[in-house]
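Report on the structure given below.
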Amino acid sequence: MSGAAGLAWGVAGGLGAGSAIALAALFGVWWERKVSARIQMRFGPQQAGPFGLLQTLADTVKLVLKEDILPSRADPGPFLRAPLVVFVPIAVSLLAVPLSAGWAPLDTSVGALFFLAVPSVSVLGVLVGGWASGNTYATIGGLRGAAQMVSYEVPRTLSVLSMVVLAGSMRPVGMMAAWRWWWLPLTAVAFVVYIVSSIAEMNRGPFDIPEAESELVAGYFADYSGIRWAIFMMSEYGAILAASLFGAAVFLGGSHGVPGVAGFAILLTEAIAIVTLVMWVKWTFPRFRSDQLMALAWKVLTPMALVQLAVVGLVAAWL
Amino acid sequence: MALVDRIGRALTGAPLLLTSVDALVDWSRGQSLWAMPMGTACCAMELIAASFSKFDFDRLGTFPRPDPRHTDVMVVAGTVTRRMAPAIARLYEQMPDPKYVVAMGNCAVSGGIFFYDTYSVVRGIDEFLPVDVYIAGCPPRPESLQDGILQLRELIQTRSIAAGHSHPREMVLPSAGDERAGSVDARERPSVPHVPVRPTDPGGGPE
Amino acid sequence: MALARRRVSATAYSVTDPEPRGAAAFVAAWGSLLTGLGLTARRATGGKPATVRYPYERVVLSPRWRGALHLRGTIGRDEIPLLTESSDSYNGVIDGLYSARRLAPCTGGCPANVDARGQNYLIADDRSAEAYELVRSRNILPGVLGRICHRPCESACRRNYYDEPIAVRPLHRHAYELYQAVREERVHALPLAQDKRVAIVGSGPSGLAAAFDLMTAGYPVTMYEKNEKPGGALYTGVPAYRLPREVLHGEIDDLVRMGLDLRCGVEVGPDVAMEHLMGKYDAVLIAAGLQVSRILAIPGADAAGVRGALEFLREANLHHEAGVRDKRVLVVGGGNVAVDVARCALRLGATAVRLASLENTDEVPAHPWEVEEALDEGVVLTCSVGPEEVVESGGVVTGMRMRECLSVFDETGRFSPKFGERETEFPCDVVVFAIGQGAQLGGLVAGGDIEVDGRGNLVVNGAMFTTSHAGVFACGEVVTGPGSCIGSIATGHEAATSILRHLRGESIADGRIARPVPVYERYEKATLAGVETARRRIGMPMAPADERIIDFRPVELGLTSLESLVEAARCLRCQSGVCVGCEFCARTCPDYCIRVERTDDPGARCVTRYELDLTKCCFCGLCAEQCPTNTLEHTGQYELSFYHRDLAVWDKGEMLRDAGGTRATGRDGIESPACPTRRKDGRS
Amino acid sequence: MAVDIESRTPVEDAEGRTVEELVVNIGPSHPSTHGVCRIIAHIDGEIVTRAEPVIGYLHRGIEKMCENRTYLQIVPLTDRLDYVGSMYANWAYCRAVERLASIRVPERAEYIRVITCELQRIASHMMAIGSSGADTGAFTMFVWAFDVRERVVELFEELCGARLTYSYVRPGGVARDLPDGWTDACRAVVDRLPAKIEEMDRLFFGNTIARGRLKGVGVLSADDAVAWGASGPTARGSGVDWDLRRDDPYSVYPRFDFDIPLGDAGDAYDRGRCRLWEAVESCRIITQALDQIEPGPVHAEGFPRLLAPRQGDAYDRIESARGTLGVFVASDGSTRPYRVKFRSPAFCNLALIGRLAPGHTISDLVVILGSLDPVFGEVDR
Amino acid sequence: MNIEELREHLCSRYPLLCPLFSSEFGDGTLTVEPDDLHRAAGDMKELGFSRLDVVTALDRGETFELVYRLESAEIRTGLSLRCSVPRDQPRISSLFDLWPAADWQEREVYDLFGIEFEGHPDLRRILLPDDWVGHLLRKDYVDDRVVKRPDYI
């Protein structure tokens, strides 16, 4: 692509990803409050619009209008830019996800590696956000977040690796096309490892010790208010959407060869199923302690992923 | 002040645009009042019960957040002692604008059962916080707490975002001096030693 | 799979669940995650949640919910409910009030259910004529009962629990005295339009009460009295110092002017035959009372100088001369009749009077204040002694031998005295037996078809007051035996109801409501510390002891009108639902958030200020329980949000708001012209 | 403030090096401090080396107020002491006054007191387990526990007209008799409870993450518990077999048979499960009490409403949900007590936090505080 | 072991303490002198009173009366030790070494009454801020911030 067209393509891609994440956050927050309400035997938002659909719109408009506090103890430079450092990598990684059979916004031969590698930059945002706000709790939250996100990339990558071995290529569109139904029972363990480790990447569910409500009050984004905190929230829901789409595409066969919008619809329903599973897990289980968290990553998930890889290797060799 | 307030001031010349933005802003602020649960004593039990399965606060868009930075309304529930007052004032100052205060329960409104004969209770949090809605009750039912939040929504509708531009809306509740209250303005009533509101000065006391 | 619980001892078990090891640990771990997910899934898909969606749905509050307080009514604005029911449906009204906790303890305590609360309210409002007529509707002789009643209402008065009871009897007397001025224009003949006629034998209090009920229902009544003057036992039995005769006959004249056909000096039996009455009249009511006093058949009982109580009192009252001048008198018995005999003997010149009672000192049946007045006048009381033998020489009484009595009632409460050995002899000249009275029906039942039991008493159905013969009824002491005057008036009302049903042809028994006996929770008397002395009971001035035994002048001198007004103002108007400003709620409130002020000037009593500071109230409900008039109540209003703290300080207008709905702030206060929330000079 | 919280206190560590310790102030307003408690924690990395609780943020001087109120006016004050369990706070105070004024309470009132206080024990334990669930992050456990508590609160609203501060038990009996139909509603609630509690047991205490967080945290030995004056489920979690209802029976408790759950290890897990299964035992007691209750008066007669007991003092204690709740009342013959002292079990149990916390991480410090189940109305009085 | 056995046991070991033992309300009360409180408490602990329930004080005008309430699992009766301390210099020996439970309770008595406990590891105010002036539960404590109850009651 020549200079100008490339630039235009980049801007369009960024804007598309950003608006996709915004939409995902809008729908995700509402869906989360409804699912958690049902688990806790209550209704969830109802008054803002039909079935409470406009609730998240109200929240966003209010958050936009909130005062944007810069704490006196905070270091202004990194403090103001930390949310973007967390948001942009997730938006970019969303581009690498195949949306329907044969098409992905950023169709590269190393798409899977690209999808797994780019979000790890947001670890930097978490760390800097925590440290820059000068608040003891935020610092502890930032340290925990960094340790957790770094150590959970290993099992996540290994689990995707076993699919790459089966599919024979790292191009997500190719992997989705090559998907067979009998792969499901074979790579069930990999799918579980992938889901658990991507929950840990998003700092959600049993792994939300960086922003543990009951201990650190609000973890690394304790001192952010208004729009900056909203960006942190949007990046979290963006990460959920990305992980679910990618998981559906790679592990569950995505659009099963159906091109165009219908294919995207099938992929989306599978992704929403995974999102609901993620929320269901968050509202059922208590939180890990930080040392148990690390032990789970290195002593349980990584060995499971390696065993899965070995099995897949044998099957691929026999195939 | 919030970004849009500055816009509001700039746009005072064009009421048409303002009312539509004003309506959207008031609606969104009313619908998503995130509560900072400042629960110290018995009223905290009712505050918790209000957001759980039988009386669902989430339905009204009110979500309890422990961090003052992310909340709009501070619900002070329970007895406030002289030793606790500075902590509450500090948390209030940490909350971003536009922020509101709801005094839940008689202890927060006026010291309640601990008004007489105690040396360590602040007699009403309007001694150090600007309170918007007082909810009487000891402890008030979760529904009266939700009624308080609905009254706060009414109050938000009457205070528009543009400074000095308030649309008088039919208020459900009487305000002081209103004839319906059917009584002389209570301030002259000797039985109520009313303390004037001093928003910024944290409660007195040896500490 | 349930978690392990290991029994440790007979009454304890351990809840420590052992941690599995190795592979089992791995399987158990992931298994527990799956069970957790299963449980939450089951709860999530378990149908619509039972959440109360507040503004659209409301929780059904329990009737005991302690919401914001409110007053049902305050004096000066609301009227105290008066009981002005006609007599045949009166019991129904009383029963309804009692079940709704609206019956005042004094009205409940009185056998005839006289509305003492209403009378106090009317007297305090300077409407004593209406008070007299209100009392007369249930107690036919207010002036008489104002002097001789044994006051069951005062012992039931709730003010006993705070300081001293209200003086209800003196207020009856006060109402009577003020009524004399307006008797002429207020007492007029009743329209007797009914064609059936009723005859009443005996003009005692029960007969008069029945006559009044029947006349108000429009039936002409003819009353036969064998003595020269009407009044029955009141005329012959009650001494004049307790009941002046002009009071008794004045009130009976009122009845005559209302249309009662009173025939004195006519005795049924010898002068007029019973069958004649039964033929001529549609209903006959025997209210003859008790004529004969019982004399113990002990040796020497027939000597001269041994008299019966009733005969003695008849002579004393009619002729003021009973042959006891300068003699020593011994009265056997401990009841009210015995005390009356003793005090009459003193007034008739007896040198020494001794009262010999079977019961011990604190079991003497006579009313304590009667015994106390007698002792003041010089009567000597000897207890726990039983009559053994009358010592006589030559047919004339010289003394009385009495044996020591150990106990009067056995463990089941029946009268079976046990005597000891010690005997004492008391020298005296006259012995009067006041140990019981009997009916003397003689001529009444000579015709034979009215059943009489072995001992000569009438066979009467105790509740319906009907005798064996249809159309013939009986009431008063001839049915109940010796009792109180107000008690026989109550039986008169019940008999009148039976007669009215008989005359209207309705069945007497079914749908009949017996008189309820209300029981309120009883507390001991409170300590008087802290009760305002200005509100204590006004004592009844008594004539000095030595002066009053000279002759039969009245003993009680009566209250002045101002004293009566102040005494009537002390009444708490129990269960009336109208606040009288008694300040018990303010005193019992743990948060001191109630302020009550009232004006007490008679005729314009008003609670000028009733303030509740809702922001200090702790909704504990102690004040609502303490309120004697049940006017301070909790409402179901729990929506209590205000924009200003001072709006939660409610004044009288807001306390009188209507108690419906759940919002406490929407209603406006109710202003009463009689008692403005703001005084004329603007001070609130 | 005694300790300057932002200071870096230099401390010698194992190898003798001067190490700067970070001081974290888990402040008076914190989502998981069950109210207004402040813990100044000196942490080394994530490990707490010294935890010092600072209390007094809810001290309203209730004992000073009691000296200026009549005996009946103090009953609403005892509600506000232990506001999670105000029914047995009333009862403890009323027992002390009845012992002082030697009032004999009628039979039916004793049964009603046992039924209401066992219901209150269930509600209080649900609060304790729910908030310890929220401390470890299982927010759903908190909501489910509060759902059970809501059923009990509905029963109390039907009985005495208030949801939280009942002032129902009065010196001499109870305020009002049971409304008709209440015993069947109570039986219905109590029959459905064990199944719900067993389900919660499997959801939370069975879950491997929760067991990881709770087992081995805040271990308290049996004789330490007795020596430090811990009582109630906190002590029974370490195996101290002492329950006033069975070992020093008062009121009509000897007529019921029920068991006492004990723990072996004495960690947060055992304390939590003791509370959970104590709620099931309370259901058993209530069912037996509902079978044995017969009609009769509910308030002793023959003593004035404005009580003025003889001079002297009396001490009485009951088994509350947190432990031995004792009330010491001294009277000088007037209508207002001379001195009232509340022996609050939460106050004594909270003293353990200083000994249990060192060596654990901050997340465990919060879990230990939750397992001691402090209620700060009762701690600070 | 009920009250009578406890009485004989105590009187056999401490003949001089016997008259001071009264059991008016079913619970034993032992009144001791302040300076041999610690010794008596130690003996009680060996006797089997393993639990210290309550430490409280009363302001009896010119003296403070201290009440220690002991419980034991075997002896089914409660025993309260009482001693009175002069008002001008209220000092008494702490019982922390016998029962650690006394730690916070004695700090509270110090905080509200101003009675020093010698040998207490960390005697500071517990309920009130450290720089609070005066001890509150003393009858003569006067504070201008306290609103007296209204005059009309």
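Below, read A as the first sequence line, B as the second, and so on, with proteins coming before strands; counting in each chain starts at 1. Fair warning: this is a prediction, and the values are worked out from it, not measured in the lab.
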When only pairs under 4.5 Å are counted, which of [options] shares the most heavy-atom pairs with chain D?
options	result
C/His634, C/Arg6, C/Arg7, C/Arg66	C/Arg66
C/Val8, C/Thr588, C/Leu61	C/Thr588
C/Pro63, C/Ser9, C/Ser14, C/Gly36	C/Ser14

Distance, nearest 0.5 Å, that separates OH of D/Tyr269 from CD of C/Glu19: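 Answer rounded to 0.5 Å: 8.0 Å.
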Practice problem: Can you measure from CG (C/Leu39) to CG (D/Leu203) and round to the nearest 0.5 angstrom? | Solution: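 Here the interatomic distance stands at 5.5 Å.
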Do [X] and [Y] have side chains that approach each other closer than 4.5 Å (heavy atoms only, starting at C-beta)?
X	Y	value
D/Trp144	C/Thr40	yes
C/Val15	D/Glu278	no
C/Arg5	D/Asp259	no

Examine whether an atom of [X] lies under 4.5 Å from a heavy atom of chain C, and if so say whether it belongs to the side chain, the backbone or both; otherwise answer neither.
X	value
D/Arg163	both
D/Pro297	neither
D/Phe205	both
D/Arg273	both
D/Asn207	both
D/Glu281	side chain

Among [options], which residue has the highest count of heavy-atom pairs closer than 4.5 Å to chain C?
options	result
D/Gly172, D/Gly263, D/Cys160, D/Ala265	D/Cys160
D/Lys215, D/Arg176, D/Glu154	D/Arg176
D/Leu307, D/Ile209, D/Leu276, D/Asp270	D/Asp270

Looking at every non-hydrogen atom in both residues, tell me the closest pair between [X] and [Y] and how far apart they are.
X	Y	value
C/Arg64	D/Asp177	NH2-O, 2.8 Å
D/Arg246	C/Thr11	NH1-OG1, 2.6 Å
C/Asp17	D/Arg211	OD2-NH1, 2.7 Å
C/Ala12	D/Leu262	CB-CD1, 3.8 Å
C/Ser62	D/Glu158	CB-OE1, 3.6 Å

Requested in this report: Answer yes or no: does atom CG of D/Asp180 have more than 12 heavy-atom neighbours from other residues, nucleotides or ligands under 6.0 Å?
Outcome: no
Cut-off 4.5 Å, heavy atoms of chain D, and the answer for C/Pro49 is neither
Turns out that what part of C/Ala50 lies under 4.5 Å from chain D's heavy atoms comes down to neither
Expected contact set for residues 70-78 of chain D against chain C at heavy-atom separation under 4.5 Å reads D/Leu72, D/Gln73, D/Pro76
